[in-house]
*Asks:* 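Handing you a structure now.
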Amino acid sequence: MTPKLLADPRLILPLDLPSVAEARAMVDTLGDAVSFYKIGLELLATDGMGLARDLKGEGKSIFLDWKLHDIGATVERSARVLAGAGCDLLTVHAEPQVMQSAVKAKGGSDLKILAVTVLTSLNDADLIELGYAFSARDLVARRIRQAVDCGVDGIVSSPHEAALAREIAGPDFLVVTPGVRPFWSAKNDQARAATPAEALKAGASHLVCGRPITAANDPREAALKVVAEMAGA
């Protein structure tokens with residue numbers, strides 16, 4: 001009999017740790033409780049791509065949270081290299097030229113392009129300070145429509161805008177939500193957070209949940225608690 005998988009493929013664990021060695025140790029600790037990992041800028045500064053290739057070779061799914069944002073030609077060249085590495089998700093900023101270039105670069109690969117709408121650490125007051133004439137919700141809506149027009153596979157937005165993304169983009173669009181905090185954990189620096197169950201009910205396809213798991217005394221147990229909450233959503 002095939003053993004039951006404990007991990008939920010909709011749960012993405014960010015390896016936001018200072019070194020590849022610490023990230024590797026966390027993966028080993030989590031074992032079969034997590035199957036999808038996010039590698040962001042912190043590990044990009046070391047050997048994050050080497051770790052991504054190793055984890056992919058072990059059957060894990062990989063989300064490269066590079067948030068590419070540059071002229072179109074540079075984004076296209078970078079995204080083409082990452083598509084060739086066999087990773088699953090890649091973030092770019094939700095600027096039309098950037099999104100179009102990344103979509104062109106992925107070609108016929110299995111890489112999915114995600115557009116970053118508004119960082120979950122920002123609220124309406126922050127956006128005003130940055131010079132935007134939109135609320136977070138209105139800016140997210142504008143960027144979702146642009147993402148759909150550019151042909152990207154999904155967006156990254158807070159759980160509070162997941163239903164909006166689903167309404168605008170339809171049932172097959174990926175909606176990846178950071179800022180997920182179980183009821184038993186602290187919000188930390190996430191200004192627009194929600195529980196795993198709330199995010200899924202709102203329309204999220206994938207949840208990014210980090211510190212409630214990685215900072216727990218028993219990370220594997222914490223991951224399984226999150227998976228259990230997702231199962232009941």
Side-chain angles (χ1 to χ4, degrees), residues 4-67 82 85-91 111-112 114 116 119-121 154 156-159 162 174-190 193-200 204-233:
K4 180 181 178 181
L5 295 176
L6 298 179
D8 188 319
R10 299 172 298 173
L11 173 63
I12 301 174
L13 191 287
L15 292 171
D16 295 333
L17 297 164
S19 70
V20 167
E22 289 170 88
R24 179 77 254 185
M26 179 59 65
V27 172
D28 293 343
T29 295
L30 291 167
D32 57 358
V34 175
S35 62
F36 209 145
Y37 287 95
K38 179 175 84 72
I39 298 176
L41 297 179
E42 195 164 1
L43 288 181
L44 175 60
T46 57
D47 190 24
M49 274 309 300
L51 177 63
R53 293 187 185 94
D54 289 346
L55 294 178
K56 190 66 182 174
E58 296 167 17
K60 307 295 186 183
S61 297
I62 302 300
F63 173 12
L64 296 179
D65 191 16
W66 285 176
K67 297 183 181 72
L82 297 174
C87 296
D88 300 276
L89 301 176
L90 170 67
T91 50
L111 180 68
K112 305 294 185 185
L114 301 177
V116 177
L119 298 177
T120 54
S121 60
V156 178
S157 70
S158 90
L174 298 178
V175 180
V176 179
T177 58
V180 172
R181 293 291 181 264
F183 68 90
W184 40 266
S185 71
K187 285 188 177 181
N188 301 113
D189 60 356
Q190 300 294 346
T195 68
E198 288 169 343
L200 290 173
S205 61
H206 294 78
L207 312 181
V208 179
C209 184
R211 279 168 289 187
I213 295 172
T214 58
N217 291 331
D218 186 336
R220 186 173 184 278
E221 179 185 20
L224 293 175
K225 285 172 66 177
V226 173
V227 168
E229 184 174 342
M230 293 170 67

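All values below come from the heavy atoms of this structure, side chains included, with hydrogens, waters and symmetry mates left out.
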*Asks:* Quick one: are R24 and L15 in side-chain contact, heavy atoms under 4.5 Å?
*Replies:*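 Side-chain contact under 4.5 Å: no.
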*Asks:* Apply the side chain to side chain contact (heavy atoms under 4.5 Å, CB included) test between I12 and each candidate in L207, V180, D65, V176; give the one that qualifies.
*Replies:*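 That would be V176.
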*Asks:* Any idea which heavy atoms bring C209 and L11 closest together, and the distance?
*Replies:*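 Between these two residues, the closest heavy atoms are CB-CD1, 4.0 Å.
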*Asks:* Is it true that a side-chain atom of S205 and a backbone atom of V175 form a donor plus acceptor pair closer than 3.5 Å?
*Replies:*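 Yes, the answer is positive, given that a donor and an acceptor are paired below the 3.5 Å cut-off.
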*Asks:* If I take atom CD1 from residue I39 and atom CG from residue L51, how far apart are they, to the nearest 0.5 angstrom?
*Replies:*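 Answer rounded to 0.5 Å: 4.0 Å.
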*Asks:* Do S19 and T46 touch side chain to side chain, with heavy atoms closer than 4.5 Å?
*Replies:*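 Counting from C-beta outward, S19 and T46 never come under 4.5 Å.
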*Asks:* Which heavy atom in V20 sits nearest to a heavy atom in G48, and how many Å separate them?
*Replies:*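 Minimum heavy-atom separation between V20 and G48: CG2-N, 4.2 Å.
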*Asks:* Got a second to check how far L114's CG is from S157's OG, nearest 0.5 Å?
*Replies:*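 These two atoms lie 10.5 Å from each other.
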*Asks:* At their closest point, which heavy atom of A204 faces which heavy atom of A162, and how far apart are they?
*Replies:*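 Where A204 meets A162 most closely, the heavy atoms are N-CB, 3.9 Å.
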*Asks:* Salt bridge check, K60 against D54: does any charged N sit closer than 4.0 Å to a carboxylate O?
*Replies:*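 No, no charged N to carboxylate O under 4.0 Å.
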*Asks:* Taking atom NZ of K38 and atom CG of L43, what is their separation to the nearest 0.5 Å?
*Replies:*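 Interatomic distance, K38 NZ to L43 CG, rounded to 0.5 Å: 9.5 Å.
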*Asks:* Given 3.5 Å as the limit, does a donor-acceptor pair link the side chain of D88 with the main chain of I62, or not?
*Replies:*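 Between the backbone of I62 and the side chain of D88 there is a qualifying donor-acceptor contact (under 3.5 Å).
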*Asks:* Which of these, M230, R181, E229, sits in a side chain to side chain contact (heavy atoms under 4.5 Å, CB included) with T195?
*Replies:*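 Exactly one pass, corresponding to E229.
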*Asks:* Please enumerate all residues that pass side chain to side chain contact (heavy atoms under 4.5 Å, CB included) together with L224, with sequence neighbours excluded.
*Replies:*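 Testing L224 for side chain to side chain contact (heavy atoms under 4.5 Å, CB included), a comparison that skips the adjacent residues, returns L6, A33, R220.
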*Asks:* Which pair of non-hydrogen atoms, one from P9 and one from S35, has the smallest distance, and what is that distance?
*Replies:*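 Smallest interatomic distance, heavy atoms only, reads CA-OG, 3.9 Å.
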*Asks:* Is there a side-chain contact between P14 and V208, using heavy atoms and a 4.5 Å cut-off?
*Replies:*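 Counting from C-beta outward, P14 and V208 do come under 4.5 Å.
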*Asks:* How many angstroms lie between CG in L44 and CG in D47, if you round to the nearest 0.5 Å?
*Replies:*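 Output value for this atom pair is 10.0 Å.
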*Asks:* What's the spacing between M26 CE and I213 CD1 if we round to 0.5 Å?
*Replies:*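 If I round to the nearest 0.5 Å, the distance is 9.5 Å.
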*Asks:* Give the minimum heavy-atom separation between L17 and A23, together with the two atoms involved.
*Replies:*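 In this case the closest contact between L17 and A23 is CD1-CA, 3.6 Å.
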*Asks:* Working to the nearest 0.5 Å, report the span between NZ of K67 and CG of L41.
*Replies:*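 Atom-to-atom, K67:NZ and L41:CG are 6.0 Å apart.
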*Asks:* So which heavy atom on L64 is nearest to which on L82, and how close?
*Replies:*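 Looking at all heavy atoms of both residues, the shortest contact is CD1-CD2, 3.7 Å.
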